[in-house]
Amino acid sequence: MNRRIVFHMLGRIITLQAVLMLLPLICGLIYREKSVISFLITIAIALGSGLLLTYLNVPKNKSLFAREGFAIVALAWIFMSAIGALPFVISGEIPSYTDAFFETASGFSTTGASVVNNVEAMSHCILFWRSFTHWIGGMGVLVLVMAIVPTDTGGSMHIARAEMPGPIVGKLVPKIRTTSKILYLIYIGLTFAEMILLLCGGMPLFESIVHSFGTAGTGGFGVKADSIAGYSAYCQWVITAFMIIFGINFNLFYLMLMRKFRASLKSEELWLYFAIIFAAVAAITYNIYPIYHNLSDSIRNSAFQVAAIISTTGYATADFNLWPTLSKAILFLLMFTGACAGSTGGGLKISRIILVYKQIVANLKNMLHSRSVSSVRFEGKPVENATIVNTTTYFALYALCIVVGFLLISIADCFDLETNLSAVVSCFNNIGPGFSKVGPTSNYAAYSVFSKWVLSASMLMGRLEILPMILLFSPDSWLKKRRKKV
Amino acid sequence: MNVIVIGCGKIGTAIISNFVSEGHDVVAVDNNPEVISELTNTYDVMGACGNGADSEILEEANVRKAELVIAVTGSDELNMLSCFLARRMGAKHTIARMRNPEYNDRSRAFMRQQLDISMSLNPELSTAHEIFNILKFPSAAKVESFSGRNFEMIEIRLKNDSKLDGMRIADMRLKYNAKFLICAVQRDDAVYIPDGNFVLKSGDKIGITAAPAEISKFLKELGILQKRARSVMILGGGRIAYYLSKMLEAENVPVTVIERDRAVCDTLCELLPKAVIINGDGANRELLIEEGLRSVDAFVALTGMDEENILVTSYVQSQNVPKVIAKVNRTELIPLAEHWGLDCIVTPKKLVSDRVLKYARALENSADSSMETLYTLMDDKVEALEFKVKPDFPKLNIPFKELKTKPNVLIAGIMRDRSIIIPAGDDMLMSDDKVVILAANQRINTLSDILK
């Protein structure tokens with residue numbers, strides 16, 4: 001492990017975080033709030049430690065391999081959450097550090113699970129920061145670093161692969177730096193589009209900014225106790241549409257920008273994504289019609305909830321806890337599927353499900369005709385065996401992590417099964433609300449300190465797709481003896 | 001610049017590595033997915049997996065916007081076809097590896113012109129040329145000539161008993177009254193562009209630029225001048241051996257080729273009527289000595305096995321053969337071979353990637369100068385570039401002592417009206433001069449890049 005380059009990059013990221021915190025600072029100055037002080041202090045701490053780390057660790061050897069990539073990404077996310085939590089504590093709006101860390105990890109991992117009982121009482125700059133963490137975490141902070149800081153190391157693909165979700169991470173253009181820039185430009189463009197559409201719908205400026213951040217990162221922090229329920233039907237539809245849009249693979253947007261519409265519409269993943277949304281909305285609308293007695297309300301509410309869960313955003317317009325079991329079951333399953341690979345959403349990712357399904361079919365065929373040769377094709381291309389193995393391994397790890405998380409929080413807190421299971425599933429898949437006591441109208445404040453740390457860890461693990469975190473804590477990646485071959 | 005490299009074998013990878021370090025946008029195309037995933041992990045390139053002559057793959061690689069398409073797969077036909085297709089689809093320039101002599105008629109280049117291929121690469125032929133040049137001037141480990149062949153650069157390694165050991169460069173100029181310049185010194189892993197106070201040590205690899213006659217004069221005074229090789233023994237009967245023998249035959253140099261495979265020997269025998277073809281194992285000492293190893297002027301190891309080449313040449317060197325050259329393909333082995341005392345090593349893929357690089361740099365020429373020649377030396381850490389100065393160069397007619405140049409850049413020589421100037425402080429650049437620049441650890445594209 002090339003520790004110098006790991007800490008050097010880490011220093012750069014923390015410095016960048018300090019710069020990003022200027023935005024909530026400005027927001028606080030505009031609203032003339034006392035909490036601004038907390039940002040000043042945090043920026044000073046972040047800037048100091050970031051620059052110190054960067055300049056104390058000027059790497060002699062610029063080689064960066066997979067293990068360094070994983071370590072940089074995992075450490076970056078942990079440290080960013082740790083530092084990002086400071087304003088909440090210093091301003092006293094979330095006095096306990098555990099709660100503040102939970103809130104920030106939930107922000108950066110775009111989960112949107114909150115421990116704040118009264119959101120409406122928080123100051124504007126803190127609310128802004130809370131939602132801004134979604135926006136940063138959605139596309140990934142290292143992608144941002146790569147877009148703005150010139151890196152001359154060849155291994156930046158290892159970083160990108162560790163941070164970007166999905167089984168296959170490709171590039172749009174030959175250079176990773178240009179790729180990151182394009183992704184961020186699309187991201188910024190879409191965020192602005194949503195903001196303007198919300199403004200047109202009569203939502204105040206601050207709230208439209210915050211909600212656009214929350215939707216763009218597929219996070220889910222709001223500023224109202226009832227999430228989105230209090231806004232007009234128009235605003236709800238805009239948010240629904242954008243939640244679905246941000247769950248689509250960003251590569252497809254690039255193809256569309258390049259006017260390669262046919263290529264972008266050929267994506268299997270995209271069509272399955274739409275098909276799942278359509279089927280779920282139809283089923284839930286039928287199921288909840290008796291509650292609302294009104295077709296437009298039923299469609300709107302079911303579409304909003306389906307979009308919020310499948311894109312792993314976690315906004316709510318209705319308390320789906322009160323819905324019939326079928327609807328809840330469908331939403332629960334949607335928590336697992338998640339959005340498309342290469343989007344800002346979390347979950348298993350639709351492409352993984354397609355890959356595993358195809359592999360199962362191929363395997364079954366092979367059992368019947370033991371001499372048959374089969375290959376799995378995805379998006380019109382044959383898939384490498386290594387990718388299949390990685391995907392199935394990911395499935396197993398994913399299940400294991402959820403089981404372990406569920407067990408751990410069940411030891412510490414004796415809520416009912418539905419609460420505990422949905423809390424872990426919801427945090428791990430970066431959604432936010434679960435069912436029962438952690439449903440859309442309540443929050444995670446009731447959990448014990450231990451459980452909050454477990455849930456914070458599972459949120460970060462879920463966002464980084466498990467591997468970086470596990471590899472970070474495996475002694476093998478830190479031992480000096482085994483140097484990786486050049 | 002957008003570059004597409006089709007075929008990512010040894011040569012393709014060397015080219016990609018060069019282009020990436022120059023900051024170009026590279027798309028690598030290969031039909032082996034493992035090769036592609038390895039490449040995209042190591043270099044900042046985009047990969048496309050498939051056949052390079054498949055229009056869909058070329059489309060995926062964005063051939064429309066490509067300035068340069070380089071096809072270096074193992075198959076000449078595929079390379080030509082890919083280049084032809086790429087050119088038709090909008091690529092500006094194409095380079096194809098064409099090894100088969102029938103496709104590569106050098107006099108007319110009919111095939112190349114018909115297919116609109118900008119340059120053809122023949123690694124074996126380039127390597128044979130390189131070796132041939134060295135054999136003409138065996139004192140040096142490497143010889144490169146700049147335009148008109150009246151200015152040359154050589155690399156020599158200072159042996160333990162060298163007269164230059166411990167000598168300051170400024171003192172050396174006084175002692176040896178020749179017009180030359182020591183332009184680069186490699187010591188251990190570091191490369192220096194030396195000034196007058198630099199002290200040479202034995203074991204250094206030094207680069208010298210001067211007119212050919214001056215170089216001979218200097219080497220004679222040092223006592224290390226060797227006459228051109230009058231008889232050559234070649235180990236391995238591959239394509240390089242064939243081309244090299246052909247060139248040597250034309251100069252009436254007797255050639256002995258040792259090849260293990262009987263069938264290859266038969267073909268070579270038909271193709272090279274004057275050469276002595278021996279069917280046997282070149283690693284066999286008795287065989288080498290029986291065939292007159294001790295009386296030849298030069299020995300060249302060109303088998304397909306790097307290790308065999310290194311081992312046999314290091315044995316041959318111990319038999320006091322004046323000039324020993326080994327072909328080594330894996331660049332990783334070169335430092336090891338040098339450690340064994342072999343200083344004259346040729347690497348086909350490096351020669352080819354240098355040529356491609358030079359071509360690419362020349363595409364980016366600006367108004368103030370045009371690049372004529374580019375060589376890399378000292379393990380690629382130093383580049384020697386020849387520029388033709390155009391009238392638009394901003395610093396014309398300004399003496400060098402008033403010119404602020406970047407560190408680690410050296411103006412090594414000026415060719416003006418067939419005369420060579422080894423520049424001093426009062427010299428200046430004039431329009432239509434040809435100037436040779438040496439640059440360590442940096443990239444020079446145009447002449448203006450040397451200015452601060």
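Letters A, B, ... mirror the listed sequences (proteins, then strands); counts begin at 1.
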Check your understanding: Got a sec, which residues hit side chain to side chain contact (heavy atoms under 4.5 Å, CB included) with B/Lys65, two or more places apart in sequence or on another chain?
Key -> B/Asn2, B/Asn62
Practice item. Indicate the atoms forming the closest heavy-atom contact of A/Ile176 with B/Asp44, along with that distance. Key: N-OD1, 3.0 Å
Exercise for review: Indicate yes or no: does B/Asp25 engage A/Lys175 in a salt bridge with an N to O separation below 4.0 Å.
Suggested key: yes
Practice item. Evaluate whether atom NZ of B/Lys10 has more than 12 neighbouring non-hydrogen atoms of other residues, nucleotides or ligands under 6.0 angstrom away. Key: no
Check your understanding: Within a radius of less than 6.0 Å around CZ of B/Arg187, do more than 12 heavy atoms belonging to other residues, nucleotides or ligands occur?
Key -> yes
Review point. Between A/Pro174 and B/Met46, which heavy-atom pair has the shortest distance, and what is it?
Key: CA-CB, 3.6 Å
Exercise for review: Kindly compute the distance separating NZ (A/Lys381) from CD (B/Glu60), expressed to the nearest 0.5 Å.
Suggested key: 3.5 Å
Exercise for review: Give a yes or no on whether A/Lys365 atom NZ has more than 12 heavy-atom contacts from other residues, nucleotides or ligands under 6.0 Å away.
Suggested key: no
